[in-house]
Amino acid sequence: MNSDLIKQLFRSFVGKDNDSFLKAANEIIENEERKKHRILVKELKEILNKNGNLGIPSEGYQKRLKENLPIPRDAEKGFSLLEIKEFHLDWSDVILADDIVSALNRIIKEYDKSEILATYGIKPKQKLLFCGPPGTGKTLTAQLMSSLLGYPMAYIRFDSIISSYLGETATNLRKIFDFFEQGRWVVFFDEFDVIGKHRDDHYEHGEIKRVVNNYLQMLDNFTGDSLIISATNHQHLLDPALWRRFDEILYFDIPDEKRRVLIFEKYLTVITKGNSLDIKKLSKQTDGMTPSDIALICFESIKNSVLSDRNRVEMDDLTSAIIEQKRRKDIKGRTNGVK
Ligand SMILES: Nc1ncnc2c1ncn2[C@@H]1O[C@H](COP(=O)(O)OP(=O)(O)OP(=O)(O)O)[C@@H](O)[C@H]1O
Ligand SMILES: [Mg+2]
């Protein structure tokens, strides 16, 4: 460890200087982060967080990250091209199919052993594509990966970088890739289909094609340590050339009956369950629904029971919330006669 930092720690302890202590502690954490000592980093952060006054407030930590690395901005409009966020999720927050859980566990393991893998000249899987219908947990899972790896998330909405000044888009992409080459992030390109779905769009064909090619090249040439996750719910629109670029492609499906039981249980743990509650039955009634639908159904039911001063959720609360959710989905599916 850097001897200056140790001295700074001692001096700040003797001088009761919390700011100076935190500064040194943060630098130590960042040094360890660079060395990929993730478990140590996680433990150090936890130790700091345990002590209320000395803790690294999440916002403060983000602010520090931002101070060190200026967030790239769109040159024309000045908005930031990405957002840095920190998450603290664990496996219990996301209910996923077994094959996805094992693929993700495997990736985490690869990052855990990345130093050893590096001695063989091998890198962990770095480029993931999450596909599947809306509300199946793609964004949530990217947040989970950020939490488990201990890398902050760099969140990029694709449509925001496809600037109305299309000529700027390639520059924006370059700025983004340059930014995350420097650190260790879970880079999340959300609604990535924007880039894929316009590829054959006759209006902006040339420009969009150039952007797609730029993106692919940058993905190919990426040498940083970050994990790059792209998400889409229009995988069928993506150009076949894109598929080769990903180390792992995961499909987030609509949960089956068994998984729906787990999702109901997860979202209803916060409240006392009335005797009438039959989760198996609820699961049967929600065939075809996404985890997001089920989460909403549970939130509505909990609200309902709290508002009627019961603080106990009953089957009726859930049944009516299911009917309401079905009605909403039905409206969404209507096309006003437009085909
Ligand atoms: N697999 C899951 N397990 C538990 N909760 C889930 C899961 N999937 C979705 N949810 C709930 O639904 C919300 C929305 O999910 P999320 O944003 O991850 O969906 P998405 O797949 O990214 O959808 P979109 O394609 O619209 O971006 C989550 O915040 C969570 O409350
Ligand atoms: Mg999403």
Identified side chain to side chain contact (heavy atoms under 4.5 Å, CB included) counterpart of M315 within the set V313, T319, D317: T319
- prompt: Taking atom CD1 of I95 and atom CD1 of I100, what is their separation to the nearest 0.5 Å?
  reply: 13.0 Å
message: Run the salt bridge (Lys or Arg N to Asp or Glu O under 4.0 Å) test on R106 and E110 for me, step by step, so that the C-alpha distance in whole Å, both residues' side-chain angles and the decisive distance to 0.1 Å come before the verdict.
response: CA-CA 6 Å; R106 162 68 193 242; E110 291 188 12; 2.9 Å; yes
task: Mind checking the CG-CZ spacing from L128 to F188? Nearest 0.5 Å is all I need.
output: 10.5 Å
Set of residues satisfying ring pair (Phe, Tyr, Trp, His ring centres under 6.0 Å) with respect to F87, sequence neighbours excluded: none
message: Between K35 and L40, does the side chain to side chain contact (heavy atoms under 4.5 Å, CB included) criterion hold? Intermediate values first, please.
response: CA-CA 10 Å; K35 290 187 219 153; L40 177 61; over 6 Å; no
field: Pairs meeting criterion side-chain hydrogen bond (donor to acceptor under 3.5 Å, both in side chains) with involvement of residues 282-298, two or more places apart
entry: E257-K284, R260-T286, T290-D293, D293-Q325, D293-K329
- prompt: Do S146 and Y155 have side-chain atoms, one donor and one acceptor, less than 3.5 Å apart?
  reply: no
field: Residue pair A25 / L9: nearest heavy atoms and the distance that separates them
entry: N-CD2, 4.3 Å
field: Point-to-point distance, once rounded to the nearest 0.5 Å, from CG of L318 to CG of D278
entry: 11.0 Å
task: Locate the shortest heavy-atom distance separating I297 from A321; write the atom from each residue and the value.
output: O-CB, 3.6 Å
field: Validation row: Y267, S301 side chains within 4.5 angstrom (heavy atoms)
entry: no
query: Do D225 and R184 sit within salt-bridge range, that is, some charged N less than 4.0 Å from a carboxylate O?
result: yes
query: How about M153 and I84: do any of their side-chain heavy atoms sit closer than 4.5 Å?
result: no
task: Check the hydrophobic clustering (I, L, V, M, F, W, Y; side-chain heavy atoms under 4.5 Å; chains of links allowed) and say if I331 and L296 are grouped together.
output: no
- prompt: Between F252 and F130, how do the two ring planes meet: parallel, tilted or perpendicular, split at 30° and 60°?
  reply: tilted
Atom CD1 of I39 with >12 non-hydrogen neighbours under 6.0 angstrom: no
query: Does the side chain of L104 reach to within under 4.5 Å of the side chain of L96, using non-hydrogen atoms?
result: yes
field: Separation of I323 CD1 from D330 CG (nearest 0.5 Å)
entry: 13.0 Å
query: Would you call E314 and R310 a salt bridge, using N to O less than 4.0 angstrom?
result: no
task: Could you tell me whether the side chains of Q126 and S226 share a donor-acceptor contact shorter than 3.5 Å?
output: no
task: Please step through side chain to side chain contact (heavy atoms under 4.5 Å, CB included) for the pair H37 and E115, ending with a clear verdict.
output: CA-CA 9 Å; H37 296 158; E115 272 172 81; 3.7 Å; yes
